[in-house]
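Data first, discussion second: the structure below is written as structure tokens.
All figures in this text were calculated on a predicted structure; none of them were measured in a lab. We number each residue from 1, following the sequence as shown.
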Amino acid sequence: MPLGADHRRQGDDGVSASDRELLRLLASGLTGEGAGKRLGISVRTVRRQMAALMERLNATSRFEAGLKAAQRGWL
């Protein structure tokens, strides 16, 4: 795999398994820090992934992102 390539596989709906798992953990009530520990990633990576998801969903808060992700069937 080339250096810098996106190694996350995306499903038919365009969301990667790691993004879906992050959304699921946050929806279950974990904080960004808790979700990061479960996923084995830093809090900074969690924030970066959530910012990218919020942008894709056109959401202004994590709550709104969760709602829109559920409406799209990502959760």
**Report entry** A35 versus L26, closest heavy-atom pair with distance
**Finding:**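 Closest pair (atom of A35, atom of L26, distance): CB-CD2, 4.1 Å.
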Report task. Provide the closest heavy-atom pair for M50 versus A65 in the form atom of the first, atom of the second, distance. Result ->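 Heavy atoms only, the tightest pair is CE-CB, 4.2 Å.
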Query raised in the report: Applying the 4.5 Å side-chain criterion to the ILVMFWY set and letting contacts propagate, would L25 and L75 be lumped into a single cluster?
Result: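 Hydrophobic grouping puts L25 with L75.
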Query - M54 with L30, same ILVMFWY side-chain cluster at under 4.5 Å - result: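 Yes, it is one cluster - the side chains of M54 and L30 are joined through contacts under 4.5 Å.
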Requested in this report: Measure the shortest side-chain to side-chain distance between L57 and R72 over non-hydrogen atoms and say whether it is less than 4.5 angstrom.
Outcome: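 With C-beta onward as the side chain, the pair touches.
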Distance from [X] atom [atom1] to [Y] atom [atom2], nearest 0.5 Å?
X: L23; Y: S16; atom1: CG; atom2: OG; value: 9.0 Å
X: D19; Y: L53; atom1: CG; atom2: CG; value: 4.0 Å
X: R56; Y: W74; atom1: CZ; atom2: CH2; value: 4.0 Å

Query - Qualifying side-chain hydrogen bond (donor to acceptor under 3.5 Å, both in side chains) pairs with a residue from residues 57-68, counting only residues at least two apart or across chains - result: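 Sorted result for residues 57-68: T60-E64, E64-K68.
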Query raised in the report: Can you list every pair that meets salt bridge (charged side-chain N to carboxylate O under 4.0 Å, His left out) and has a residue in residues 22-43, with sequence neighbours left out?
Result: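 Listed by first then second residue: E21-R24, E33-K37.
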